[in-house]
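Here the structure is a predicted model, which is why all the values come from computation and not from measurement.
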Amino acid sequence: MKKGKLLFTSLVLACMTLLAACGTGSGGGAAGGSNGGNAGGSSSGSATSTTSATSSDPSQLVIATGGTGGTYYPLGGAIAELIKEATGITTTAEVTGAAAENMRLIKDGDAHIAFVQGDIADYASKGTNMFQEDGKIENFQALGALYNETVQIVVSADSNINSVADLKGKRVSVGSPGSGTEVNAQQILEAYGLTFDDLQLQRLSFADSAKAIQDGQLDAAFQTAGAPTAAITELAATTGVKIIPIDADKIASLIEKYPFYVETTIPGNTYQTVPDDVTTVSVRAILVVQSDLSEDLVYKATKALFENVDKLPAKKEEIKLEGALQGVSLPVHPGAQKYYDEKGVQ
């Protein structure tokens, strides 16, 4: 009788131990949304694994995008579907405050993939500019570059400003405080031997800058965005604009010092009062990923993106495989690099 009870007790304890082990393996792995829950990156210790018995990849992927009115969000939704089809992992695009916030979401494990301007990602990796206070972010790598975010220096059509050098002493907006545009403006002025102290400096959103130019209260404004930019198109239609070019030697020095820049030509008639081509620089809109995502997962995600560009809702003419590494100053994730090596992309 005692032996029977002991056997029964042993069986119960064995079952309880097995159940506890199973519970430990599946707990804490919610892939979290954008409401402060951890997104499940393995760097935070909360990821679950469903892709394979040995994979450390999360059971759900979160792509950090931007506002609903911008380009990042609809692109992110389409890319999420492509990744889901290629990997079998549920992937969602989350609305965010865009580039700088996206880097912090990656750092905290609340996003696995993120849209960001190449220069912002570079600052994050070095802990400079808007990341100086919090320090550098180290748990990410590049998946690849998508399209240009072009630095556009806008003045009214009848302005006597024709060069960056002419901005000295003028009323100039350099974008919102702490924005990527502000840093772009600082670097371009630096190439011409100028600083913010040489300007009557203003830090306005571009919507406010456009209105101020229209009202004659501002001489020039910097804007970093894909061209054509809606606010500039509207200003061209109401007031008329000129886009100030950047000289070739200054572009060369910018790219040498800041390799996330690429030379860009804004074609003539992009804006109705700008009939000629304008040479300037761009930073690239890129995708970054958490470094600890597996090579296999990132390979499949990269392949799914670049082999299905025709399914994207925007920028499909600009997103090209041959440009995937242009303006990328960061280390590339091994999974993405494997795909680029197969395709001969350098």
Side-chain angles (χ1 to χ4, degrees), residues 117-123 125-126 128-129 145-175 179-202 206 209 213 218-229 232 236 241-271 273-286 318 320 322-330 346:
Q117 288 176 202
D119 54 339
I120 303 296
D122 190 88
Y123 307 148
S125 72
K126 296 172 180 173
T128 59
N129 295 305
L146 302 178
Y147 58 89
N148 287 345
E149 306 252 22
T150 302
V151 179
Q152 300 166 84
I153 308 170
V154 185
V155 302
S156 63
D158 59 0
S159 172
N160 61 0
I161 298 173
N162 295 297
S163 163
V164 174
D166 295 335
L167 295 176
K168 186 173 183 178
K170 300 297 194 297
R171 301 168 298 176
V172 182
S173 173
V174 296
S179 66
T181 297
E182 181 183 31
V183 183
N184 297 149
Q186 187 175 36
Q187 291 163 348
I188 290 166
L189 290 167
E190 175 188 60
Y192 282 83
L194 300 174
T195 70
F196 285 169
D197 291 339
D198 294 308
L199 313 176
Q200 296 182 50
L201 188 69
Q202 298 190 41
F206 194 72
S209 296
I213 290 174
L218 188 70
D219 298 311
F222 284 77
Q223 167 72 349
T224 303
T229 302
I232 301 176
V241 299
K242 292 191 297 188
I243 307 296
I244 303 304
I246 300 177
D247 297 306
D249 62 324
K250 302 299 190 291
I251 290 174
S253 65
L254 275 169
I255 293 173
E256 182 178 3
K257 186 169 184 178
Y258 306 107
F260 45 74
Y261 281 115
V262 293
E263 182 174 339
T264 302
T265 298
I266 302 174
N269 297 311
T270 296
Y271 303 109
T273 56
V274 186
D276 299 323
D277 291 354
V278 178
T279 303
T280 181
V281 292
S282 295
V283 292
R284 302 280 277 161
I286 70 173
E318 298 178 50
K320 300 180 184 300
E322 57 267 29
L325 297 177
Q326 291 177 0
V328 176
S329 61
L330 308 167
Q346 298 183 8

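Residues A236 and T273 share a closest heavy-atom pair of O-CG2, 3.7 Å. The shortest non-hydrogen separation linking E182 to F196 is O-CZ, 3.5 Å. In this structure, V278 and P245 approach most closely via the heavy-atom pair CG1-CA, 3.8 Å. Looking at every heavy atom in both residues, R284 comes nearest to G323 through NH2-O, 2.7 Å. The two residues A225 and T229 have their closest heavy-atom pair at CB-OG1, 3.6 Å. In terms of heavy-atom proximity, A220 sits nearest to V155 at CB-CG1, 3.6 Å.
Within the 3.5 Å criterion, the main-chain N or O of V172 finds no donor-acceptor partner in the side chain of Q202. Put simply, the side chain of T280 gets close to the backbone of V151: a donor and an acceptor are under 3.5 Å apart. Between the side chain of T270 and the main chain of P267, a donor-acceptor pair closer than 3.5 Å is present.
In this structure, the side chains of Q152 and F206 stay at 4.5 Å or more apart for every pair of heavy atoms. For the pair L325/Q346, no side-chain contact is recorded, criterion being any heavy-atom separation below 4.5 Å from C-beta on. Residues V281 and T264 fail the side-chain proximity criterion, which asks for heavy atoms closer than 4.5 Å. Between F260 and I286, every side-chain heavy-atom pair lies at or beyond the 4.5 Å cut-off. Looking only at side-chain heavy atoms (C-beta outward), V241 and I213 stay at 4.5 Å or farther from each other.
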Below 3.5 Å, can you tabulate the donor-acceptor pairs from side chains in residues 183-190 to any protein atom, sequence neighbours excluded?
from	atom 1	to	atom 2	distance (Å)
N184	OD1	T224	OG1	2.8
N184	ND2	D119	OD2	2.9
N184	ND2	Y261	OH	3.1
Q187	OE1	Y261	OH	2.6
Q187	NE2	Y123	OH	3.0
E190	OE1	Y258	OH	2.8
E190	OE2	K257	NZ	3.3

Practice problem: Test side-chain hydrogen bond (donor to acceptor under 3.5 Å, both in side chains) on T150 and N148 and set out the steps. | Solution: CA-CA 6 Å; T150 302; N148 287 345; 5.0 Å; no
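Legend: residues meeting side chain to side chain donor-acceptor pair (under 3.5 Å) with S209, ordered by chain and number and at least two apart, are S173. Contacts of E318 classified as salt bridge (Lys or Arg N to Asp or Glu O under 4.0 Å), with partners at least two apart in sequence or in another chain: K315. For N162, the side chain to side chain donor-acceptor pair (under 3.5 Å) partners two or more places apart in sequence, or in a different chain, are K242.
Residue S282 holds its OG atom at 7.5 Å from CD1 of I266, rounded to the nearest 0.5 Å. Here the OG1-CG distance, from T128 to D122, works out to 6.5 Å after rounding to the nearest 0.5 Å.
For residues 163-172, every residue pair satisfying the side chain to side chain donor-acceptor pair (under 3.5 Å) rule, not counting sequence neighbours, is listed here: R171-D219. Each salt bridge (Lys or Arg N to Asp or Glu O under 4.0 Å) pair with one or both residues in residues 244-254, not counting sequence neighbours, would appear here, but there are none.
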